[in-house]
Q: 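Shown below is the structure under consideration.
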Amino acid sequence: MEIAAFLPKTYTHTKEQGSVTWKSPSNIALIKYWGKKDSQIPQNPSISFTLDACATTTKLSYTKKPIKSNDFSFDLIFEGKQKDDFKPKVHTFFQRIELYLPFLKEYHFTIETSNSFPHSSGIASSASGMSALALCLMSLEKELNPTMTAEFFKQKASFLSRLGSGSASRSIEGDIVVWGTHKYTEGSSDLYGIKYPYKVHDVFKNYYDTILLVDKGEKQVSSTVGHNLMHNHPFAKQRFDQAHENLTKIQSILAEGNLDKFISLVESEALTLHAMMMTSTPYFILMKPNTLEIINRIWKFRQESGTHVCFTLDAGANVHVLYPEYEKDTVYPFIQKELLNFCQKGHHICDRVGFGAKKA
Ligand code: PMV
């Protein structure tokens with residue numbers, strides 16, 4: 001599908017007012033997106049597990065104004081309180097998507113949003129937050145164009161989410177999503193995420209992700225800045241090529257359920273992401289001493305126990321501990337006993353692979 005397909009033609013219906021609510025999950029990348037071109041086009045394809053427990057619920061109420069205004073008009077309520085600091089982000093998002101949703105200036109919106117996880121947890125809420133809002137706006141567009149197919153609805157929701165935050169394009173569907181054009185993944189696109197189209201072994205169904213909150217502080221370097229540092233990065237080309245190769249490799253791993261190869265690939269991707277940060281100009285480190293403690297303990301425990309626990313990281317110090325459901329009775333007690341000491345106040349979130357966004 002080309003960009004032009006997302007430009008609406010004429011709407012057949014009108015809608016004066018209404019409201020809609022979507023709950024959209026976060027996701028954790030197995031093969032990481034790091035580096036982008038203009039308009040949130042990724043420099044390499046990525047693949048993620050959609051999560052279940054970490055989610056944003058957004059209610060969008062809309063009222064048609066007597067005449068279209070010159071600017072967007074909306075109120076933002078975060079966890080029950082007016083939150084003007086979040087408004088610039090939403091304003092920028094509206095500017096980026098107005099071309100594709102030309103009715104935006106015709107309505108006044110009230111956006112009421114809340115997260116299932118604490119805002120200050122260091123868990124990025126942009127993927128779940130932007131996708132939840134994009135889905136609400138798509139529900140309004142569907143009112144104006146009721147013949148829209150379910151397939152198009154999801155694709156455009158992912159397309160719009162991407163313009164809010166790249167990784168948000170992977171939060172519409174479950175349980176595994178690919179975003180970014182990859183030669184050997186049929187239907188893959190830089191414009192939107194697609195449900196992983198090939199065979200997945202049962203071991204990856206209901207995979208566990210226990211998220212260890214190592215550092216809940218504000219990140220010193222935002223993802224936007226980090227992505228931009230991949231321009232002129234000395235290892236950029238090798239990294240982007242490697243991501244393509246890894247996406248090819250993960251296909252047989254997912255099909256065969258080869259956990260040893262899964263572990264090597266996923267941990268290498270996490271460390272490569274952070275290696276890119278450490279070799280940027282300027283360089284930076286988002287891991288904390290406790291991140292490394294946790295990684296070392298996971299390695300030691302894996303060797304001693306013969307389990308398949310592994311880790312991945314996002315752009316921060318927190319650790320996602322991944323393991324198959326059938327090992328939970330061995331791995332979770334280990335996490336409680338040995339890893340929670342390295343989290344702020346023992347905080348962690350028990351999550352698992354989920355099945356995508358849902359309309360409330
Ligand atoms: O969607 P952004 O711009 O916040 O970038 C997310 C980048 C990583 O989380 C580090 C990797 C990924 O693929 O999700």
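We count ligands from 1, going down the list as the structure has it; atoms in each ligand are counted the same way.
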Q: At a 4.0 Å threshold, what atoms of ligand 1 neighbour a non-hydrogen atom of S223?
A: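 The atoms of ligand 1 under 4.0 Å from a heavy atom of S223 are 3 (O), 4 (O).
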Q: Applying a 4.0 Å heavy-atom criterion (strictly less than), which segment of L273 is in contact with ligand 1: side chain, backbone, both, or neither?
A: side chain
Q: Does K261, at its NZ atom, have more than 12 non-hydrogen atoms belonging to other residues, nucleotides or ligands within less than 6.0 Å?
A: no
Q: Applying a heavy-atom cut-off of 4.0 Å, say which part of R170 lies close to ligand 1: side chain, backbone, both or neither.
A: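 Near ligand 1, R170 shows its side chain, while the N, CA, C and O stay back.
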Q: How about T185 and Q251: does a side-chain donor come under 3.5 Å of a side-chain acceptor?
A: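 Yes, Q251 and T185 have a side-chain donor paired with an acceptor closer than 3.5 Å.
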Q: Could you check if a side-chain atom of R239 sits within less than 4.5 angstrom of a side-chain atom of K32, using non-hydrogen atoms only?
A: yes
Q: Are any of the N/O atoms on D314, whether in the backbone or the side chain, positioned under 3.5 angstrom from an N/O atom of ligand 1?
A: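 No - when backbone and side-chain N and O of D314 are compared with those of ligand 1, no distance drops under 3.5 Å.
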Q: So, is H227 polar-close to ligand 1, with some N/O to N/O distance under 3.5 Å?
A: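 Between H227 and ligand 1, an N or O pair is found under 3.5 Å apart.
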Q: Please work out, at 4.0 Å between heavy atoms, whether the side chain, the backbone, both, or neither of A315 comes within that distance of ligand 1.
A: both
Q: List the steps, then state whether salt bridge (Lys or Arg N to Asp or Glu O under 4.0 Å) holds for R302 with E267.
A: CA-CA 13 Å; R302 184 163 75 223; E267 292 190 342; 2.8 Å; yes
Q: Flag W34 as yes when one of its N or O atoms lies below 3.5 Å from any N or O atom of ligand 1, and as no otherwise.
A: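 Between W34 and ligand 1 (N or O atoms, distance only) the closest approach is not under 3.5 Å.
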Q: Select one of side chain, backbone, both or neither to describe which atoms of A29 lie under 4.0 Å from any atom of ligand 1, heavy atoms only.
A: side chain
Q: Checking side chain to side chain contact (heavy atoms under 4.5 Å, CB included) against K195, which of I176, V178, D175, I172 comes through?
A: D175
Q: So, H108 and D75: side-chain donor and acceptor under 3.5 Å apart, yes or no?
A: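 D75 and H108 do have a side-chain donor-acceptor pair below 3.5 Å.
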Q: Counting each atom of ligand 1 from 1 as listed, which ones have a heavy atom of G166 under 4.0 Å away?
A: 1 (O)
Q: Could an N or O of ligand 1 be found under 3.5 Å from any N or O of Y33, whether backbone or side chain?
A: yes
Q: Could you tell me which non-hydrogen atom of A357 sits nearest to which non-hydrogen atom of L135, and how far apart they are?
A: CB-CD1, 3.3 Å
